[in-house]
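Here is the structure we will look at, set down as structure tokens.
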2 protein chains.
Amino acid sequence: MPSRKVSGEGAPPKAEGGVDAVDRALAILSAFASHDGQMSLAQISEATGLYKSTVLRIAASLERGGFLSRQENKLYRLGPQLFRLGLLYQRSFKIEDMVRPVLRRLVETTGESASFFVRQGEVRLCLFREESQHAVRDHVMEGATLTLDRGAAGHVLVGYDSRAVVSEELRSRMARLPIVSIGERSAEVAAVAVPVYRRGAGGVELAGALTVSGPRTRIADTETIRQIGAALLEQGRLLSRQLGADEAWRL
Amino acid sequence: MPSRKVSGEGAPPKAEGGVDAVDRALAILSAFASHDGQMSLAQISEATGLYKSTVLRIAASLERGGFLSRQENKLYRLGPQLFRLGLLYQRSFKIEDMVRPVLRRLVETTGESASFFVRQGEVRLCLFREESQHAVRDHVMEGATLTLDRGAAGHVLVGYDSRAVVSEELRSRMARLPIVSIGERSAEVAAVAVPVYRRGAGGVELAGALTVSGPRTRIADTETIRQIGAALLEQGRLLSRQLGADEAWRL
DNA sequence: TACTTAAGTTCTGTCTAGCAGAACGTGATT
DNA sequence: AATCACGTTCTGCTAGACAGAACTTAAGTA
């Protein structure tokens, strides 16, 4: 059973500042991430640790706001407002128009899926992706979050971030581009990645990582990797230039 | 100045049930829709009518949940969690895999942009869209909401919805497919649309509207419209079949 | 350099609105 | 019939959200 802000005891994280009711509302929304799209009142209650009556009340507000909707069968679903605002978020990066064509070109010339990742706290977020035409391919969706410590794109986001503390091992691995990873994030997947820069508030900064990935059965050999790497370097340079980072190719 | 739940007086809408704090939080998020992605504390306060101190407190929760983020320059932006949940919403329709290829085929054969609209309360929502290659084209983004009473797709969503009350005028206009609109939503745009059905909980129901649209300079003549209409009818039928609505082509 | 205006932030006493939890209704499943 | 699980309604208590003033920067303006 849940308890209200326990001020004395084992002091559970005890979020500083903020509004309890809002935290709960967001917890309800976030619970849907692991229950693919549909949840009953009881499920929500269980997943969040909130009383059913509490969920009911908060859900009324969420529903009114269009962040949640309820079907006749009583199941809750996420609401259209999330969709609208989510796309607004994606577009607020204002780089979609530049990234998409680059990804398409990469898919075209390499035949494999291409993605653009940005760092988001301690994970990396797939902001854009274009799928290869191959029937068998690795699967990452736009919006998915992956760990920062595995996979070529993850290494790039840490190793080429001027603000990050980089381990000696990673630093040496970052010595030359492109970065290659085979079977790291997933045993059957290989990936090649390069950094992308942009002109930011305080000069040139890391914008994200451009990556091409696919099953290692198609990508593992050095010649294929060389070709993919060449395409990535070219497109990455192009994209960085479009983002106003002319000469920042090297850290 | 804002006031708390006014129980007596002029009784402003007076939302039934729900949680005030959550309503406010959602109002803050929704305010971003009209201020393209970035807002200062003062702007939020003004747009929502909430005190700055209140916004600050609620924003702390939103930020913690990843629904909002704050930059060094103090401006708030929407957060990545919205992006994730938004895409989850889109995918919860589970029809993306079927709709995308259909849209691509339409763009390929007609040369114009193709979209899939669903009804969302009293507006229509662009759930998926594939852009034409033409430099000059009409502009509708995925996630955008348009009025229900204008444009071919809007008519379809009302006229072919078995639950909707349909005016005599609209009914006669719906007599034969496809539906065509020229210069309705926007003076320079022409569109052609057909309904898409699916097997739902209580039998076959309207799933959405499939539409092809572009500048009327390219679409207005009857021959072009005939061709687009033929492609739409074919793809719409195909899509409906994929969604389990075999013989429901006519209302 | 001093004055003005506006933005962001911190603090606190008051009071209300959100909460827990019990109680109830309803429909499946056994 | 009996049990179970789910959704919903209701209520008294009090913790926690709120308004608003006060303070701190920061950027104009003259």
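All heavy atoms count here, side chains included; hydrogens, waters and symmetry mates do not. The chains referred to below are lettered A, B, ... by the order of the sequence lines, with proteins before strands, and numbering in each begins at 1.
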B:Arg77 side chain to B:Ser69 side chain, donor-acceptor N/O pair below 3.5 angstrom: no

If I take atom CD1 in residue B:Ile58 and atom P in nucleotide C:dG18, what distance separates them, rounded to the nearest angstrom? 11 Å

Just do the side chain to side chain contact (heavy atoms under 4.5 Å, CB included) check on B:Glu96 and B:Phe128 with the steps written out, would you? CA-CA 8 Å; B:Glu96 174 161 21; B:Phe128 306 107; 3.6 Å; yes

Hey, does the side chain of A:Thr54 come within less than 4.0 Å of C:dA20's phosphate (OP1/OP2), counting only N and O? yes

Could A:Arg70 and A:Glu63 be called an ion pair, given the rule that one side-chain N must be under 4.0 Å from one carboxylate O? no

Looking at B:Arg57, does any N or O in its side chain come under 4.0 Å of the phosphate oxygens OP1/OP2 on C:dT9? no

Enumerate the salt bridge (charged side-chain N to carboxylate O under 4.0 Å, His left out) contacts for residues 38-56 of chain B, please, sequence neighbours excluded, ordered by first and then second residue. none

Report all interatomic pairs (protein N or O, nucleotide N or O of nucleotides 6-8 of chain D) with separations under 3.5 Å.
residue	atom	partner	partner atom	Å
D:dG7	OP1	A:Leu41	N	3.1
D:dG7	OP2	A:Ala42	N	2.6
D:dG7	N7	A:Lys52	NZ	2.8
D:dT8	OP1	A:Lys74	NZ	3.0
D:dT8	OP2	A:Arg70	NH1	2.7
D:dT8	OP2	A:Arg70	NH2	3.1

Residue pair A:Tyr89 / B:Pro80, side-chain heavy-atom distance below 4.5 Å: yes

Tell me the interatomic distance from B:Arg24, atom CZ, to D:dA17, atom P, rounded to whole angstroms. 11 Å

Between CG of A:Asp20 and C1' of D:dT14 the distance, given in whole Å, is 14 Å

Quick one: does NZ or CZ of B:Arg198 land under 6.0 Å from the six-membered ring centre of B:Phe93, within 45 degrees of the ring axis? no

